[in-house]
Amino acid sequence: MKGLIVSEFERLWSRKFIIILFLSIPALTFALGMYYKSNNEEIIQLQPDFATALNFPILGLAEHLFITFNLLLLMLIGFTVTEEYQHGHLRLLLLRSYSLAQIYRAKFIVISLTVLIVLLVYGISSFFTGWVLFDIPQQSILFISDEPISNRAMVFYIVYYYILAFISIVAVLALFLFIGIICPTINAVLGCGASLILFLIAAPQLLEQSTAFGSESTFVTFLAYASIMKIQYTGISLFLSGWEHWYWIVGVTGSYIIIFSTLSYLIFTRRSYFV
């Protein structure tokens, strides 16, 4: 199993787009930092989106988590799962006495580790970008809470935010892996996945703007946060603020992981790859 994971990891990281992605992360965070630097000139310092050396890693991740990282997942799944099935490469692994269950677990682990590495590099790059472009504040303001917090508390908040962000990425991975297994081509995976991303972003917004259930309906809130993209966008901050319905975010995220990883595992391990 260890050899299979190493083989999958080496094969994935031999692709040029992974190398290009890593080289582009510092440039991406720096460009975003310059945007927030200009944005700081138009807003007051007490606003939560006023960038500082401490909150920039959060602001930067919030901008890219629910779109950029999810599109990255689609590409990784397309190359490591759908393409290999489409071109019959999985037969070679089966001929080496690996079981379908082992192959599935190896791919899940390798994709998770790859995104984790990207997330860590993005966080480190954001930290140094914020350190270079912005000042260290005396206190920080969060999006959900109006109460300022100390710099020490902000550091812990960043760590918790990135941990929860990774858990949400694993939930999206389970969903997209299911799509990658049932779709016959990479184009189908990218098209279906991109459409699903747009739907899971737009649907909660439309629900919250609707007046059919009342402006502050708990039912609408629960329905909106049934979207994993909505959880990535604002749910993590809401959870860390001590939202009274925090269990809903935990339940939805856990359900995505359990349900879609189980479905994708069952389909992957019961399909014939020698046809």
Side-chain angles (χ1 to χ4, degrees), residues 4-5 7-18 20-21 64-95 98-116 118-119 166-204 226-233 252-275:
L4 179 59
I5 293 175
S7 175
E8 289 283 341
F9 197 82
E10 289 177 345
R11 190 160 62 251
L12 176 60
W13 281 78
S14 66
R15 296 181 178 273
K16 290 183 179 179
F17 91 93
I18 290 289
I20 294 173
L21 171 67
H64 290 285
L65 178 60
F66 67 105
I67 294 182
T68 306
F69 277 87
N70 291 338
L71 290 176
L72 171 62
L73 278 176
L74 278 179
M75 295 179 65
L76 292 175
I77 291 169
F79 284 123
T80 60
V81 178
T82 310
E83 183 185 56
E84 292 192 0
Y85 172 70
Q86 182 181 355
H87 296 290
H89 296 161
L90 287 174
R91 300 173 192 171
L92 300 177
L93 293 175
L94 293 173
L95 292 174
Y98 290 117
S99 68
L100 286 170
Q102 288 176 315
I103 295 173
Y104 175 87
R105 288 195 294 268
K107 290 185 180 296
F108 197 100
I109 291 171
V110 167
I111 295 174
S112 299
L113 285 177
T114 298
V115 179
L116 176 60
V118 173
L119 184 64
F166 176 68
I167 294 173
S168 74
I169 289 173
V170 174
V172 178
L173 168 59
L175 172 61
F176 286 170
L177 195 57
F178 171 72
I179 294 173
I181 291 173
I182 64 175
C183 289
T185 65
I186 292 181
N187 289 336
V189 172
L190 295 178
C192 183
S195 299
L196 187 59
I197 289 174
L198 291 176
F199 173 77
L200 291 177
I201 292 173
S227 165
I228 190 63
M229 309 302 171
K230 179 67 172 177
I231 290 176
Q232 288 183 319
Y233 185 50
V252 169
T253 304
S255 297
Y256 272 87
I257 295 173
I258 295 171
I259 292 173
F260 288 106
S261 60
T262 301
L263 289 174
S264 59
Y265 174 83
L266 293 175
I267 295 172
F268 187 88
T269 56
R270 283 162 174 73
R271 177 184 283 172
S272 175
Y273 295 93
F274 292 97
V275 177

What verdict does the side chain to side chain contact (heavy atoms under 4.5 Å, CB included) test give for Ile259 and Phe178, after you've listed the backbone C-alpha separation in whole Å, the side-chain angles of each residue and the deciding distance to 0.1 Å?
CA-CA 10 Å; Ile259 292 173; Phe178 171 72; over 6 Å; no

Take Val115 and Leu173 through the side chain to side chain contact (heavy atoms under 4.5 Å, CB included) test and state the conclusion after the steps.
CA-CA 10 Å; Val115 179; Leu173 168 59; over 6 Å; no

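Screening Leu65, Ile67, Val172 for a side-chain contact (heavy atoms from CB on, under 4.5 Å) with Met229, the sole residue that qualifies is Val172. With Leu177 as the partner, the side-chain contact (heavy atoms from CB on, under 4.5 Å) test is satisfied by one option alone out of Ile267, Ile77, Leu73, Thr82: Ile77. When the options Val81, Val189, Ile197, Leu71 are evaluated for a side-chain contact (heavy atoms from CB on, under 4.5 Å) with Phe176, the one that passes is Ile197.
Listed here is the closest heavy atom pair of Ala171 and Tyr256: CB-CB, 3.9 Å. Nearest heavy atom pair, residue Ile228 against residue Leu200, reads CG2-CD1, 4.3 Å. Residues Ala101 and Tyr265 come closest through the heavy atom pair CB-OH, 3.4 Å. Closest approach of Ser261 and Ala174 over heavy atoms only: N-CB, 3.8 Å. Nearest heavy atoms, Leu74 versus Ala194: CD1-N, 3.6 Å.
Under the 4.5 Å side-chain criterion, counting only non-hydrogen atoms from C-beta, Val170 is in contact with Phe108. At a threshold of 4.5 Å between non-hydrogen side-chain atoms, the residues Leu72 and Leu21 count as touching. Between Ile169 and Val118, the closest side-chain pair of non-hydrogen atoms is not below 4.5 Å. A 4.5 Å side-chain heavy-atom check between Ile201 and Tyr233 finds every atom pair outside the cut-off. Residues Thr80 and Val110 form no side-chain contact, since every pair of their non-hydrogen atoms from C-beta on lies 4.5 Å or further apart.
Scored by the side-chain hydrogen bond (donor to acceptor under 3.5 Å, both in side chains) test, Ser255 finds no partners at all (sequence neighbours excluded).
Aromatic rings of Phe79 and Phe17 (six-membered ring for Trp) have centroids within the 6.0 Å cut-off, being under it.
Of the N and O atoms on the side chains of Ser264 and Tyr104, at least one donor lies less than 3.5 Å from an acceptor on the other residue.
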